[in-house]
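Just so you know, these numbers come straight off a predicted model, no measurement behind them. These values consider heavy atoms only, across backbone and side chains, with no hydrogens, waters or symmetry-generated copies. Below, chains carry the letters A, B, ... as their sequence lines are ordered, and counting in each starts from 1.
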Amino acid sequence: MFNSRIKIKALLETAPLGTEVTIMGWVRTFRNNQFIALNDGSTNQNIQVVASLGMLNEDTLKRITTGASLKIRGEVVESPGKGQQIELKANSIEILGDSDAEKYPLQPKKHSLEFLREIAHLRFRTNTFGAVFRVRHALAFAVHKFFNDKGFVYLHTPIVTSSDAEGAGEMFRVTTLPMEGAPKKEDGSIDFEQDFFGRSTNLTVSGQLEGELGAMGFGDIYTFGPTFRAENSNTTRHLAEFWMIEPEMAFHDLEDNMNLAEEFIKYIIDYAIENNREDLEFLDQRLADEEKQKPQAERSELGLLEKLQFVLNNQFERITYTEAIDILINSPAYKKKKFKYDVSWGIDMQSEHERYLVEKHFKKPVIVTNYPKDIKAFYMRQNDDGKTVAAMDILAPGIGEIVGGSQREERYDLLTKRMEEMHIPTKEMWWYLDTRRFGSVPHAGFGLGFERMVLFVTGMTNIRDVIPFARTPKNCEF
RNA sequence: UCCUCAGUAGCUCAGUUGGUUAGAGCAUCUGACUGUUAAUCAGAGGGUCCCCCGUUCAAGUCGGGGCUGAGGAGCCA
C-alpha cells in the first residue's frame, strides 16, 4: 500500500506531537536549504518541513524545487520559529516527481489572474485558486444538502435535448452528420431525419421544462448540472458552459418560491462560512489588498466576510417591477440623466438600472416581482391584471441577476393561448402540456447560476476564475 | 456582436521626438549561509519587441489589416 499519509489539514488540526507521520504534497518554497513549505491541497496552510543538514545528499537537495512532489516521513514537533505552531522534522524525503524550476511556470511570487488563466491546469496549486475551488466544492455540497434535507429529489435532466422552446439563448448543435455534404431535403435544408436522433438536437439551455415534469410526480425536485449557451458573450459574468441549479416545486406559489430561494441562498453562504472560514478569510484579505489599489470612490464599503454576514442577517428587499420602475424614475440618477437607457413601464431593465436598485438604493439583495408579460417567458403564470406575470428575479450586489424564477402557468387554456401568441409550437410540446391536462397543480421554481453564486461568495470578479476550466468564445483549451 | 485599452525576458512592467549594442524588479542558474517565513547576500545567463503588409535612409516606436487578452455594453444565469 502506498497511501498511508496524513493530510496536512488533519495534521495541523490534530498536531500529534512526538509521533512519526507520512505526508505527501507539492513544494511551495524551499528556503535556506533547510525549510520546505509543503502543500497538499487539503488546506491553504502549508506545513513546514525541516531537513537537517547532512541528512540529505547534494543530489536530492537540488531536486527539491518549487512544484516538485515529495513523500516525507518525519516527527511532529513544536516549531521554534515564528509563523507556525508545529513543523515536521524530516527523517526521510523521497522525490516522487521532479519539477524543473527553469520551466515550471509557477514561481514563488505573485502572478496575475490573467496569466494563471493561461495555465489553468496548474493554478489549483496557488493559494487563491486553492481557496476558490475548495469554496466552490463546499457550496456545491451545500446545495445538495439543503435540498436533500428538505426531501427534494435530485433529478438528472438531459444534456442533449430537442426542445428549443424556451428561447433562453443560442444553442450548440449536436449532430453526427458530416460537415461537408450533409444530406439535404428537397427544399435544400439539411435532412435531420438522417441524423443520429432522427431530428435536430442541441445541448440543453435549461432543465426547467423537464424539471416541471418531475415536480408533477415527486412534488419537489431540483437539478444541478451543466448548461450551455452559444451566445457570443464576452463579459466577466458569462460562460458558454456553466452549472445551474433549478428547483421546481409543486403546490408552491410565487411567495413560497421567493421564501425558498432566499432561504436557500442564505443556507449555502452560511455553510461555506461554517466549513471554509479559513479559505474565506484568505479571500477576504486578498480582496482587501486588491481594494487598496483602487481609488477611494470605487472601494466597497464592506469586506468579503462582512458582506456575506450582512446578507445572512438581513431580509432581501422585495418589490414589484412597477415599484422598481417608480423608484428609478424618481431617483436623482434619473433626474440628472445619469442613465444611458431611458426608463418607463414595460422596459426590460438594463444592468445600470438593476445596479442602481441593488447597489445605490437598497444596498442589499433585491427580489423584483411581477414583470410585464411581454418581456418574460411563455410558461410564467399570468396575473389577474392581464399585464404582468408571476416572475421574480433576485439581484445581487456586484453581479446582477443571480436567480430568475416564476410561478408557472398551470392553467391549460391560458398556457396554450399564450404559447400561440408567442409562436411556441404547442404540438411539439405535447409532453409538457400533458402535465396541465392531467392533475395540473400550482407550481413554481427558479434557476440559479452556480458560478455567479461562487463569484459572490469568493469575492472574485471574473467568472472565468471560479470554474476550473472556463468555456468562453474562442477559448476551449484544456 | 459593438466600444475602449493592451500585447517588449519565465512573470510584472518601463522604453522620451522614429536613430548606435532594448532596460528594471521579481523568478531562474552558480556560489555563500543550521531557524528561514514569497529568506538574505554576491555574481551570471536570459529577447522572433504578437503576426503580416506598408511609410521611411532608418520602425519596439508611425499607418493599415489580422490574432489574442482585458474592461465595459448587449444577451442572460
So which protein nitrogen or oxygen atoms get under 3.5 Å of nucleotides 39-41 of chain B's nitrogens or oxygens?
residue: A39(B); atom: OP2; partner: T29(A); partner atom: OG1; Å: 3.2
residue: A39(B); atom: OP2; partner: R31(A); partner atom: NH1; Å: 2.5
residue: A39(B); atom: N6; partner: N32(A); partner atom: OD1; Å: 3.1

Worksheet item: Can you tell me if N39(A) uses its side chain to pair, donor with acceptor, with the backbone of T43(A) under 3.5 Å?
Response: yes
Sugar-phosphate only, base, or nothing, as touched by [X] at under 4.0 Å among non-hydrogen atoms:
| X | answer |
| --- | --- |
| R237(A) | base |
| K103(A) | nothing |
| S351(A) | sugar-phosphate |
| T235(A) | base |
| E354(A) | nothing |
| I399(A) | nothing |
| Q84(A) | base |
| Q48(A) | base |
| H111(A) | sugar-phosphate |

May I have the list of side-chain donor-acceptor pairs in residues 71-81 of chain A shorter than 3.5 Å, sequence neighbours left out?
residue: R73(A); atom: NE; partner: E20(A); partner atom: OE1; Å: 3.3
residue: R73(A); atom: NH1; partner: T22(A); partner atom: OG1; Å: 2.7
residue: R73(A); atom: NH2; partner: E20(A); partner atom: OE1; Å: 2.2
residue: S79(A); atom: OG; partner: G81(A); partner atom: N; Å: 3.3
residue: S79(A); atom: OG; partner: Q84(A); partner atom: NE2; Å: 3.1
residue: S79(A); atom: OG; partner: E87(A); partner atom: OE1; Å: 2.9

Worksheet item: Under the ring pair (Phe, Tyr, Trp, His ring centres under 6.0 Å) criterion, do F146(A) and Y271(A) qualify, and how do the steps go?
Response: CA-CA 10 Å; F146(A) 176 82; Y271(A) 184 90; over 10 Å; no
Pairs: protein N or O with nucleotides 3-10 of chain B N or O, under 3.5 Å:
residue: G10(B); atom: N2; partner: Q107(A); partner atom: OE1; Å: 2.9
residue: G10(B); atom: N3; partner: Q107(A); partner atom: NE2; Å: 3.0

Worksheet item: Picking from G69(B), C75(B), U12(B), which would you name as closest to the side chain of S112(A)?
Response: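 Of the options given, the side chain of S112(A) lies nearest U12(B).
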Worksheet item: Side chain of N234(A): nearest nucleotide among A73(B), C76(B), U36(B)?
Response: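 Ranking A73(B), C76(B), U36(B) by closest atom to the N234(A) side chain puts A73(B) first.
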Fill in: Test: R123(A) and D465(A) ion pair at under 4.0 Å
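Salt bridge present between R123(A) and D465(A).
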Worksheet item: For F456(A), is the NZ or CZ atom of K307(A) found under 6.0 angstrom from the centre of its six-membered ring and inside 45 degrees of the ring axis?
Response: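 Flagged: K307(A) positioned over aromatic ring of F456(A).
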